[in-house]
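The block underneath contains the structure these notes are about, expressed in structure tokens.
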Amino acid sequence: MTDTPTTGFRVISNTGHQRKTDLTNKRPSLSVKPGGKHMTDAMSDVESATLSGDSVRLAFETVECTLRAENWFFETVRKELAKSADLSDFPTIMGSNGYDYLLHFTQFIFFLKALDCTDADQISNYIEAHNKRLDDLINDPSFTKSAKEYRKAIFRPERKAKILDTIRTLQQPVFAIYEYGHLLIDEMSPKTTEKLIEDLRHGGLLVRRIDDRITADQKRILIGSTGFLEDTYRMSLLMQRRMIAMTMSDAEFQKAKETTK
């Protein structure tokens, strides 16, 4: 977005494709993170003139860059899926919330690799943290979701041992369909995750992993990524970074670099 605040804001629209509503027209999913006081203290040092002018412009330009990059990711995945079948054959991805479902799933598999959470020990720690978080939610009096559904998403020792054995054997984080569903329960229902995986398998972006060294279990269908989703998402992040940098003046860019050192 290049307009200044005095000329009004421009909303991105994508009327020619599946996401027919404005990209900004979706309910935000926000959570409170610790450290808010530090941000408040830091902002108190910024001149009010900057806050009312350039920082507001940069904030909205950053939002637009993020939305453009995410939309590019979604459109690129759609084009890849269209090579194997008509887009109507991917009902979950092409549904009203398909954009968010695809993004959440891709971010999960991308950040496991990006944060190097890939071996059995690291995944073990991740699962323990997942279990504790769900247990805390279930025992919170203000929790409004299905406690029964969330209890099912807690990984018991036997099930956790199977996952770790799989990762040691395949040398990468690969999970069964229902395991993905339980790991992503905060983002979508396990049933939705199952349907999303079915769409992505149909489009060839996810594949079944079979290894004779792993104990046969008909219910435990292992699913791995071909790498297309992660690579495309990585490119979208690089695109986002470049677009944000291009909205800044040389002085603003240099100041941002100094702030992050």
Side-chain angles (χ1 to χ4, degrees), residues 31 70 73-74 76-77 80-81 92-93 98-137 149-238:
S31 57
E70 288 183 357
F73 163 78
F74 187 64
T76 302
V77 173
E80 187 67 17
L81 293 174
T92 304
I93 293 175
Y99 175 96
D100 296 309
Y101 296 152
L102 178 62
L103 198 59
H104 292 320
F105 183 85
T106 301
Q107 287 171 337
F108 172 74
I109 58 178
F110 172 83
F111 282 111
L112 281 183
K113 295 179 180 178
L115 300 176
D116 200 29
C117 183
T118 55
D119 66 27
D121 290 338
Q122 292 164 329
I123 296 296
S124 175
N125 293 334
Y126 179 82
I127 290 174
E128 287 303 315
H130 165 86
N131 286 348
K132 183 180 185 307
R133 183 172 52 80
L134 295 195
D135 190 59
D136 289 344
L137 286 172
E149 194 70 24
Y150 268 64
R151 285 193 185 94
K152 290 180 182 178
I154 293 176
F155 291 83
R156 305 304 176 190
E158 182 181 353
R159 188 152 68 114
K160 176 184 171 183
K162 286 184 178 181
I163 294 173
L164 301 184
D165 180 59
T166 298
I167 292 170
R168 291 189 187 99
T169 302
L170 299 179
Q171 297 294 302
Q172 58 182 303
V174 174
F175 304 95
I177 294 176
Y178 62 86
E179 291 163 359
Y180 282 110
H182 289 157
L183 288 168
L184 287 163
I185 193 168
D186 282 341
E187 311 298 345
M188 50 189 144
S189 72
K191 191 66 177 177
T192 297
T193 303
E194 181 179 336
K195 292 178 180 178
L196 175 65
I197 289 173
E198 183 179 336
D199 278 4
L200 293 171
R201 286 182 67 191
H202 182 53
L205 303 187
L206 296 179
V207 293
R208 184 172 182 179
R209 295 297 305 272
I210 300 174
D211 194 299
D212 293 337
R213 294 170 294 176
I214 300 174
T215 304
D217 184 345
Q218 291 184 348
K219 292 182 179 180
R220 200 159 181 269
I221 301 175
L222 299 176
I223 297 296
S225 171
T226 62
F228 181 86
L229 291 173
E230 302 97 299
D231 289 344
T232 305
Y233 185 68
R234 175 175 57 85
M235 288 301 296
S236 76
L237 292 180
L238 292 173

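These numbers come from a predicted model, not from an experiment.
Although no hydrogens or angles enter the test, the distance criterion places a donor-acceptor pair under 3.5 Å between the side chain of T166 and the main chain of K162. Checked by atom type and distance alone, the side chain of R168 never pairs as donor or acceptor with a backbone atom of D119 at under 3.5 Å.
Under 3.5 Å, the side chains of Y99 and E70 contain a donor-acceptor pair of N or O atoms. Defined by atom type and a distance below 3.5 Å, a donor-acceptor pair is missing between the side-chain atoms of Q172 and T118. Counted by atom type alone, Y233 and Q107 present one or more donor-acceptor pairs between their side chains at under 3.5 Å.
F108 and Y126 have tilted rings, their planes meeting at an angle from 30° to 60° on a 0 to 90° scale.
Considering L206, T106, V207, T92 in turn, L206 is the only one that fulfils the side-chain contact (heavy atoms from CB on, under 4.5 Å) rule with L200.
The side-chain contact (heavy atoms from CB on, under 4.5 Å) test applied to P190 returns E149, H182, I185, not counting sequence neighbours. Partners of D136 according to the side-chain contact (heavy atoms from CB on, under 4.5 Å) rule, which considers only residues two or more places apart in sequence or in another chain, are K132.
A salt bridge links E128 with K160: the closest approach of a Lys/Arg side-chain nitrogen to an acidic carboxylate oxygen falls below 4.0 angstrom.
Residue D116 comes nearest to Q122 through the heavy atom pair O-OE1, 2.6 Å, listed as atom of the first residue, atom of the second, then distance.
Surrounding CD of E198 are at most 12 heavy atoms belonging to other residues, nucleotides or ligands under 6.0 Å away.
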